[in-house]
Amino acid sequence: MPQPDTGEQFDTHEGTLERYDPQTIEPRWQSYWQEHGTYQVDNDDPRPRAYVLSMYPYPSGAAHMGHVRNYTFGDLLTRYRTMQGEAVLSPMGFDSFGLPAENAAIRTGRHPRGFTDERIEELRSSITRIGGVYDWRREVRSHDPAYIHWTQWIFLRLFAAGLAYRGHATVNWDPVDQTVLANEQVLADGTAERSGAVVEQRDLEQWFLRITDYAEQLLDDLDGLEWPERVVIQQRNWIGRSEGVEFEMAIVDADGSHRSDLPDGTAVRVFTTRVDTSFGMTFCVLAPEHPLVARIVAEEYAEQVEAFVARARHTSEVDRLAVEGELSTRGCPTGAWALNPFTGRAVPIYLADYVLGSYGTGAVMAVPGEDQRDWDFADAFGLEIIETVQRPDGFEGQAYTGDGPHVNSPAATEEQDATCNLNGLGVAEAKRVATDHLVAHGLGESVVNYRLRDWLVSRQRFWGCPIPILYCDSCGVVPVPLDELPVLAPDDVEFTPTGQSPLQSHEGFLNATCPECGGPARRETDTLDTFVDSSWYFLRFCDPWSSAAPFRREAVESWMPVDQYIGGAEHAVLHLMYARFMTKALSDLGVTTPDLREPFKRLFTQGMIRLDGTKMSKSKGNLVAPEEIIDTLGADTLRLGHLSVKPPEEDVDWEAVGLEGCSRFLNRVWRLALPASTEWNRHAGPADDSLTRATHRLIADVTAAFDRWSYHVAIARCMAFVNDLQREARSDTGVSQESFDHAVDTLLLLLAPTAPHIAAELWERRHRGEHIHELAWPEADPTLLVEAMTTLVVQVDGKVRDRLDVPADADEATCTAAALASDKVVALLGGTEPARVIARPPKVVNIVTGAAS
RNA sequence: GCCCGGGUGGCGGAAUGGCAGACGCGGCGGACUCAAAAUCCGCUGUCCGCAAGGGCGUGUGGGUUCGACUCCCACCCCGGGCACCA
């Protein structure tokens, strides 16, 4: 039994209790955890392993509230699971390449490294002051030469495997940040996710990673992840799997005969998901950039088509997406015809800007009867509409996309009937028959298309990982030899206001020797998207000391996959998709193990912090500075504020965070737990049964709430417990010393993950130097969770009319008898017999009178 | 348009078919104090009532059930995602 410690560790002046002062206790414990390596884990740790990871931050200087929220969840989980006996890998690092530092360099002329290093130190200090505990020995920074080395090594492995390639494509150009962007970095409205600039389209030669090779796996493996459904759906949407059929349509004359000006077999390939509606195809549409356009266009339309194609090319993606435009101006006839293989009839070929050259085959068959967009186009150009699916009764729309029996297919001739008759079939069955028909006649085949495009990774920026590639006049594209890595950007660079990367004009960097022929070569000046850095950092954390490889395979095997990943939902598609791709690719390349297919087993996405409805993030600055709150109320109060305000996955308005209540609560805990406190009426008598039971109930409730991430409920339970305990310990009867101490100690253990500093301080004072975070999480005694008496709710016709105390093990007869004996029930029944009595002992008895019905 | 969330006091929210509103904020009243702060005690969904007590109440309308914030159907509103992807 711990005795109240009135020793030398602190002073109590006569009658004055030492005040709770987070300013003195918080730094003390932060140093303690760091110096004692409380949260350092080694790769040969014998305890069961857990990997808890918060997304590593871009170093933007002092932490903002979003960081606080993010890292509080990760930190409490690390502490909680450690108390549960696990070796928790809890690393931290910095995503330290990126444009803010480069833009600052352009503004000030100062090298981004110094700027970045300073901000890393500021952020590290902030994170420490929140009480976040990490194994800092494992820190990684994207801009460290060692990290650059292995990022480049990975890139070269991907290159050797054909997963990194240089290709020509129409790409997104950000005129403000002066670089190309990946599709994922462009918002739906055509603006850049980072800079907000309207993105332009440019045809450029760029570096890509072949993420599309993994489209199917990226989709299928989503099923095995314990991720928020919302994020899984976003990834599914982004991958955009679409099953359909591709088939060829011969280019013919209007009467269906061979076109003598074209070589035999000239055909356009179309992709459709509705091959069952092919009999309703009345025209066909090509993307303006379709390679066949110039060859098939009829002479009398040549000028018109040329103008249309030129306009489409110069129209930005934004405008092309502006649906409001007149449909008739968005399409253009070509005068060419294609043969519908189902009907044997020729249909006119049109161009339309809404058909994308980069999706499917860049050409579609148009079935206005069953596709609204085709209907609109047919309407605008006066084209024929054939319905091929029977409309349900009362259908009033135009195109019909629902199910129903097929009609009008085939079109009348007996000859067609014999090969492919869809009439009467439902959509699914008709698709099967039509597909079989095409395949049997060698006209087409089933295909799966994805919306996902390859990941564009080159950036025309200085402050990123250089792409380790050389261009030699005689040997072409040559990878930098592995033993020459890392390729580092030079320090003697000048940043010009034009925004152009200084690498592009730095002779010392540009000129190199071709490792293959020994001749002169030019260095690649583009750097990698910073999402490449962050697509493997979680692997490096497993073994950041490795110098012969990015990490040792055994180390990764022993920690991966991440058990709990924590971060913002804004990365739902970007970072999380890239990291999944990289994990699969590295597994296939043998860099990791064959069974490591997914990096993050469980994902938690916490809500954003808003102030006056606006997002508080790195781009909007520190609208409320966490440091100011730490300086006044303390980090523990700030942590509790974040935890108690709302369910963690929801967005939070800063105004809703109740810091005062949390601060008051911690002050109460302080006075309750301070050994010298004389405020409480404690006696030496036997243990107080009801308090002991309440304490065990608290353990059970808080643990259950933790396990379902209901931290706001866990804290509410602790607050209620403190209120009750205070009331009892202030009463004339008081509480037993033994039960009181058990209650307070338990409370401190339960608060150790959420309010770590105050819990550590009070525990040390109560237990002469013991360290709470090295102790085990308390366990509730199940026998004490069973109450002797319980409240029986008595309902009459479903309405609560009385509450009775009954033994917890009361049987049905007892409960029913007690309920029927209740004065209120007797009065309500007024002597009549109840029609029915439903008893669910010992919780509820519902008495049904005949009167209600 | 499609897909996901969500709608409960003045506010944030709690309640996994069985006591709606735990806990916190705010508000009102009181104790302590010369006074204030801090702390403590009480009240605080709404309507009727002097009171005892009762009516109503979880976006709307139906349904299932002895019993619905909870399950089912339809709808309205808010937030987010996707959207010429053929």
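Below, chain A is the first sequence line, B the second, and so on; all start at residue 1. Computed from a predicted model, the values in this text were never measured in an experiment.
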Measure the distance from [atom1] on [X] to [atom2] on [N] and round it to the nearest whole Å.
X	N	atom1	atom2	answer
A:Lys646	B:C11	NZ	P	13 Å
A:Glu246	B:A86	CD	P	12 Å
A:Arg639	B:G24	CZ	P	21 Å
A:Asp651	B:C78	CG	P	17 Å
A:Asn237	B:G1	CG	P	18 Å
A:Lys824	B:C19	NZ	P	17 Å
A:Ile239	B:C82	CD1	C1'	14 Å
A:Trp680	B:U39	CH2	C1'	10 Å

In whole angstrom, give me the gap between the [atom1] atoms of [N] and [M].
N	M	atom1	answer
B:A68	B:C73	C1'	15 Å
B:C40	B:C23	P	15 Å
B:G10	B:C76	P	26 Å
B:U65	B:C11	C1'	35 Å
B:C25	B:C32	C1'	24 Å
B:C3	B:C56	C1'	38 Å
B:C69	B:A14	C1'	11 Å
B:G42	B:G81	P	47 Å

Whom does [N] pair with, Watson-Crick or G-U wobble, provided both distances fall under 3.5 Å?
N	answer
B:G18	B:C66
B:G61	B:C73
B:C34	none
B:G26	B:U44
B:C2	B:G81

Taking for each residue the nucleotide of RNA chain B bearing the nearest heavy atom, is the 5' side occupied by A:Gln795 or by A:Glu660?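 Closest to the 5' end, via its nearest nucleotide, is A:Gln795.
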Tell me which of A:Asn846 and A:Cys662 sits closer to the 5' end of RNA chain B, going by the nucleotide each one is nearest to.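 The answer here is A:Cys662.
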Is any side-chain nitrogen or oxygen of [X] closer than 4.0 Å to OP1 or OP2 of [N]?
X	N	result
A:Asn723	B:G24	yes
A:Ser644	B:G12	no
A:His712	B:G12	no
A:Tyr359	B:A86	yes
A:Lys843	B:G18	no
A:Arg671	B:A38	no
A:Gln234	B:C4	no
A:Arg664	B:C25	yes
A:Arg836	B:C66	yes
A:Arg668	B:C23	no

Between the base of B:G5 and the side chain of A:Arg230, is there a donor and acceptor pair under 3.5 angstrom?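 There is none.
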For side chain to side chain donor-acceptor pair (under 3.5 Å), just list the numbers for A:Asn723 and A:Arg668, CA-CA rounded to whole Å, side-chain angles, deciding distance to a tenth of an Å, and then say yes or no. CA-CA 9 Å; A:Asn723 292 347; A:Arg668 264 179 229 152; 3.1 Å; yes
With no hydrogens and no angle check, is any side-chain donor or acceptor of A:Asp653 less than 3.5 Å from a backbone partner on A:Ala656?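 No, the answer is negative, given that no donor and acceptor are paired below the 3.5 Å cut-off.
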With the side chain of [X] defined as its heavy atoms from C-beta on, choose the nearest nucleotide among [options].
X	options	result
A:Leu356	B:C23, B:G5, B:C85	B:C85
A:Ile838	B:A20, B:C23, B:C66	B:C66
A:Arg453	B:C85, B:A20, B:C4	B:C85
A:Arg451	B:C85, B:G13, B:C19	B:C85
A:Met719	B:G13, B:G24, B:C66	B:G24
A:Arg840	B:A86, B:G12, B:C66	B:C66
A:Val848	B:G12, B:C66, B:C19	B:C66

Whether A:Arg451 engages the ring of A:Trp238 as a cation-pi pair (distance to the six-membered ring centre under 6.0 angstrom, angle to the ring normal within 45°) should be assessed.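 Judged by the rule, A:Arg451 and A:Trp238 form a cation-pi pair.
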Counting any heavy atom closer than 4.0 Å, what does [X] reach on the DNA or RNA strands: base, sugar-phosphate only, or nothing?
X	answer
A:Arg801	sugar-phosphate
A:Arg717	nothing
A:Gln726	sugar-phosphate

Distance alone, cut at 3.5 Å: any donor-acceptor contact between the side chains of A:Arg730 and A:Gln726?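 Their side chains do contain a donor-acceptor pair, which is all the 3.5 Å distance test asks for.
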Whether A:Phe377 and A:Tyr354 hold their rings parallel, tilted or perpendicular, with breakpoints at 30° and 60°: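 Perpendicular, since the angle between the ring planes exceeds 60°.
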Would you mind checking if A:Glu18 and A:Arg671 are paired as a salt bridge, meaning a charged N to carboxylate O distance below 4.0 Å?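 Salt bridge: no.
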Looking at A:Asp701 and A:Arg717, is any side-chain nitrogen of the basic one under 4.0 Å from a carboxylate oxygen of the acidic one?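 Here A:Arg717 pairs with A:Asp701 in a salt bridge, since their nearest N and O are under 4.0 Å apart.
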Is B:G9 in the syn or the anti form, by the rule that syn lies within 90° of 0?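 Syn.
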I need the minimum non-hydrogen distance between A:Pro648 and A:Tyr711, along with the two atoms involved.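 Smallest heavy-atom distance, with atoms named: CG-CD1, 4.3 Å.
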Which heavy atom of A:Met365 sits nearest to which heavy atom of A:Arg274, and what is that distance?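 Looking at all heavy atoms of both residues, the closest pair is CE-O, 3.3 Å.
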